[in-house]
Amino acid sequence: MSFGETPITIIGNLTADPELKFTNSGQALARFTVASTPRVFDRETNQWKDGTSTFFRCAAWRTLAEHVADSLAKGSRVVLSGRIRQHDWQTPEGENRSMLAVEVDEIGASLRFTTVTINGKRTSGSSGAAPSADPWNTGDNRPEQGDEPPF
């Protein structure tokens, strides 16, 4: 993570199946939204109540994007960490727009309410390059210059 970036950890549920696409340079990009809803215990009714949901637009790149698309679906409860990014653009009518999104570094299924089976198959990524001698090396997952922004 670079100096000045805003890290974030989110626990929530996917609102739809991830959308997998490929940029003009062939880089995989998965876009999805995670809804995080706090729960509070109401002592008067002796019941749990949902608070207001917050929706986070997320993007995962390269091999992580392909794994997200292959592994997660609408309703999947996930724990993710990443960095908040601001995206600015101008509409065809000349109006300036901006939005915040999360560029995902890590994501996994939450085991709080379910169990999962991990597929032990290791992948070296879609680049075709030989894996590093370092088993923890996942490569650089940042988009290449000129690739379209995640949103």
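Computed from heavy atoms alone, side chains included, the values below leave out hydrogens, waters and symmetry copies.
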Which pair of heavy atoms, one from [X] and one from [Y], lies closest together, and at what distance?
| X | Y | answer |
| --- | --- | --- |
| I8 | R83 | CG2-N, 4.5 Å |
| T15 | A35 | CG2-CB, 3.8 Å |
| P18 | A73 | CD-CA, 4.2 Å |
| V34 | C58 | CG2-SG, 4.1 Å |
| T23 | W61 | CG2-CZ3, 3.7 Å |
| S36 | I10 | CB-CG2, 4.3 Å |

What's the spacing between [X] [atom1] and [Y] [atom2] if we round to 0.5 Å?
| X | Y | atom1 | atom2 | result |
| --- | --- | --- | --- | --- |
| L14 | T33 | CG | OG1 | 8.0 Å |
| N13 | K74 | CG | NZ | 11.0 Å |
| H67 | R62 | NE2 | CZ | 14.0 Å |
| E103 | I84 | CD | CD1 | 12.0 Å |
| T37 | I11 | OG1 | CD1 | 12.0 Å |
| R57 | H87 | CZ | NE2 | 10.0 Å |

CZ/R112: more than 12 non-hydrogen atoms of other groups inside 6.0 Å: no
Heavy atoms from other residues, nucleotides or ligands near CD of E44 exceed 12 (cutoff 6.0 Å): no
Does any part of the side chain of [Y], heavy atoms only, come nearer than 4.5 Å to the side chain of [X], both counted from C-beta?
| X | Y | result |
| --- | --- | --- |
| L72 | I107 | yes |
| V116 | L111 | yes |
| L80 | F32 | yes |

Lys/Arg-Asp/Glu bridge criterion (N-O < 4.0 Å) met for R97, E95: yes
Residues in side chain to side chain donor-acceptor pair (under 3.5 Å) contact with D17, at least two apart in sequence or another chain: none
Contacts of type side-chain contact (heavy atoms from CB on, under 4.5 Å), residue N46, not counting sequence neighbours: F41
Any donor-acceptor N/O pair, S81 side chain to T9 backbone, under 3.5 Å: no
